[in-house]
Amino acid sequence: MSVLRRANTWEISESEDSDAETTKSLTRDESSHTAQGRSADFTEEQTLVHKPEILKSTSKSALKSSLSPPQRDPRDGTTSPARKRRSKEEIEADRERTRERREERERQRTARAREKEERSREQQRRREAAENLKSLRPENCLRCLTVCIDPALLQQNGSDVLLDALVSLEWRFSVESQQQQLPYSITWTRDLPQQGVDGGNMVEEEQIVLVLDLTQFMDVVISVKAMLDSEEEDTGTGSVLSPLLECLNRDAEKVVTLLVIDSETHYRKDAYDAYLLNETLQSKLGMENVDMEEVLVYLQLCKNISVVFLDGWQEVTDHVCAVTKALSKRPFKLLTERAELPFCVDGSWASGVRVERDGSGLGQVWSKQIQQLNRVSPAVASAVTAAYPSPQLLLQAYQRLSSEEERKALLAGLCVTSGGKERRVGPEISARVYRCFTAHNPELVLD
């Protein structure tokens, strides 16, 4: 009993009290942590439950804010103005401006298309001009020439030399009787491809060569002598002279050359071939030397017919080749020698003045024009051009004056400075310039 009573009356020591308090505090901390964890779990579950609604409300508010116009700050004291409705006049004005801009773009487009077309045409013209110039060169023009030979010439002995030479040179030739072609003749035709293929692409040259022997030439001389004796122009009855005169009457621009060949070549083997040939002709024709000279002069001066005495067909071939080469060179020479003002040569040695596209150089041309008058120095011309920079201004000054004497003395008082001295143009030069620019008589003497 005593033992039990003692156990019941045990007292707790200070150390045991401190341990108990520590255990209680730990227990309280654990319980508080547990309660906080539960509350956190509950809050998280509640947030997860309401999260779709929050996201939905957030997206709606963002969409609404993006679609709604920007709000002005009420503190700045201004309000967003309402949309102003345009009037009918403003709408029409906008339409008119739009239409004008459209028309302006259309005009610019049309102008560009026109300029492009003009450039294309200009390039085409330049290309054609270059091709035409290239075709006029002698080496190219020679391919466009055709040597037309009368078939009657091929019946003579030695005529094959001419055909062999044309074949070796690769020149075009034709052996056929043509309309209005003279017998025993050689003519030339030129192709003109620039004129198209609808006709007119061939032109006949004015050069005509007649190859005659001595017998045929005797007939021509006798016929011409009979014409001269009878003083009649249409009495040519020879077999060669009659068609020749008809051809010349039909086309006076034809240039005829008579090539007289002698089959008796032994007459021309020494140094006195011309003299022996003349003697032979005189003996065969029975004519005096004066009569022969008279016939040749008449053919040369009155009918533009040249007479050339040759040895044989080899010399005839050389003559035909020389004429062919000369005809091939003529178009290019005519083109290069053609000048708009042939008397005004360009170059410093000829006192020429070049005028550019912008008009620079016209003043110097005006001064040179005045210096063409006699006794007009460069100083006098400079004084006149300084007072009247162009001929039109000088003519207008003449028209403003009423009397003839005033017009003649218009330039007399101009000051001319040369060599440090001053003088006047004078009434003589002034009157000469006036007559030069106002006279209508081309035969008027200015001095």
Side-chain angles (χ1 to χ4, degrees), residues 66 69-70 81-145 190-203 328-370 385-397 399 437:
S66 63
R83 183 178 181 182
K84 184 179 179 181
R85 188 173 183 180
R86 295 188 302 170
S87 62
K88 186 176 181 180
E89 290 77 8
E90 294 176 350
I91 296 175
E92 292 296 332
D94 292 343
R95 291 179 179 175
E96 184 68 19
R97 287 193 294 270
T98 304
R99 186 178 61 82
E100 290 179 357
R101 288 194 296 268
R102 188 183 303 110
E103 291 179 355
E104 182 65 23
R105 288 194 298 268
E106 187 65 25
R107 285 194 296 269
Q108 293 178 359
R109 190 181 300 109
T110 305
R112 288 194 296 268
R114 189 183 302 111
E115 291 177 359
K116 184 178 180 180
E117 185 178 357
E118 290 178 358
R119 288 195 299 269
S120 177
R121 287 199 297 265
E122 182 66 22
Q123 292 177 358
Q124 182 66 21
R125 285 194 295 268
R126 292 181 179 179
R127 193 180 301 110
E128 292 177 356
E131 293 178 356
N132 188 20
L133 180 61
K134 184 178 180 180
S135 64
L136 292 180
R137 293 186 177 277
E139 61 273 10
N140 297 326
C141 189
L142 190 59
R143 303 189 185 100
C144 301
L145 287 175
R190 185 192 306 274
D191 295 338
L192 300 177
Q194 62 270 17
Q195 294 185 358
V197 295
D198 298 332
N201 58 341
M202 181 180 295
V203 62
S328 66
K329 297 177 182 179
R330 187 175 60 174
F332 190 76
K333 286 185 177 181
L334 292 177
L335 183 63
T336 54
E337 294 176 357
R338 185 184 307 167
E340 188 174 0
L341 296 175
F343 57 87
C344 209
V345 183
D346 187 14
S348 59
W349 60 273
S351 299
V353 178
R354 180 181 295 276
V355 179
E356 303 296 339
R357 292 181 178 271
D358 56 353
S360 59
L362 289 175
Q364 299 180 10
V365 174
W366 171 223
S367 178
K368 292 290 184 181
Q369 186 177 3
I370 299 177
T385 56
Y388 303 97
S390 67
Q392 186 66 26
L393 295 177
L394 180 59
L395 294 177
Q396 292 175 1
Q399 294 173 0
F437 286 96

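Throughout, numbering of the chain's residues begins at 1 and tracks the sequence.
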Which atoms form the tightest heavy-atom contact between Ser328 and Leu142, and what is the distance? CB-CD1, 3.8 Å
Within the supplied structure, the quantity of interest is the number of heavy atoms (other residues, nucleotides, ligands) at a distance under 6.0 Å from Arg126 CZ; does it exceed 12? no
Supply the atom-to-atom distance Thr110 OG1 to Glu115 CD, rounded to the nearest 0.5 angstrom. 11.0 Å
NZ/NE/NH1/NH2 to OD/OE distance under 4.0 Å, Arg102 and Glu106: no
Is the shortest side-chain heavy-atom distance between Glu128 and Gln124 below 4.5 Å? yes
So, are Glu104 and Arg107 salt-bridged, with charged N and O less than 4.0 Å apart? yes
Between the OG1 atom in Thr385 and the CG atom in Leu393, the distance rounded to the nearest 0.5 Å is 11.5 Å
Sequence neighbours excluded and cut-off under 3.5 Å, please list the side-chain donor-acceptor pairs for residues 358-367, or say none.
unit_1 : atom_1 : unit_2 : atom_2 : d
Asp358 : OD1    : Ser360 : N      : 3.3
Asp358 : OD1    : Ser360 : OG     : 2.9
Trp366 : NE1    : Tyr388 : O      : 2.8
Ser367 : OG     : Gln371 : NE2    : 3.2

Residue pairs involving residues 133-143 (criterion salt bridge (charged side-chain N to carboxylate O under 4.0 Å, His left out); sequence neighbours excluded): none
Between the CD atom in Gln399 and the CD atom in Gln396, the distance rounded to the nearest 0.5 Å is 7.0 Å
Does Arg95 CZ have over 12 foreign heavy atoms under 6.0 Å away? no
Do Glu117 and Arg121 pass the side chain to side chain contact (heavy atoms under 4.5 Å, CB included) test, and can you show the C-alpha distance, the side-chain angles, and the key distance before you say yes or no? CA-CA 6 Å; Glu117 185 178 357; Arg121 287 199 297 265; 3.0 Å; yes
Evaluate the side-chain proximity of Cys141 to Arg190: yes if any heavy-atom separation is below 4.5 Å, no if none is. yes
Going by side-chain contact (heavy atoms from CB on, under 4.5 Å), name the residues that satisfy it together with Glu131, two or more places apart in sequence or in a different chain. Arg127
Test log, rule salt bridge (charged side-chain N to carboxylate O under 4.0 Å, His left out), inputs Arg114 and Glu118: CA-CA 6 Å; Arg114 189 183 302 111; Glu118 290 178 358; 5.3 Å; no
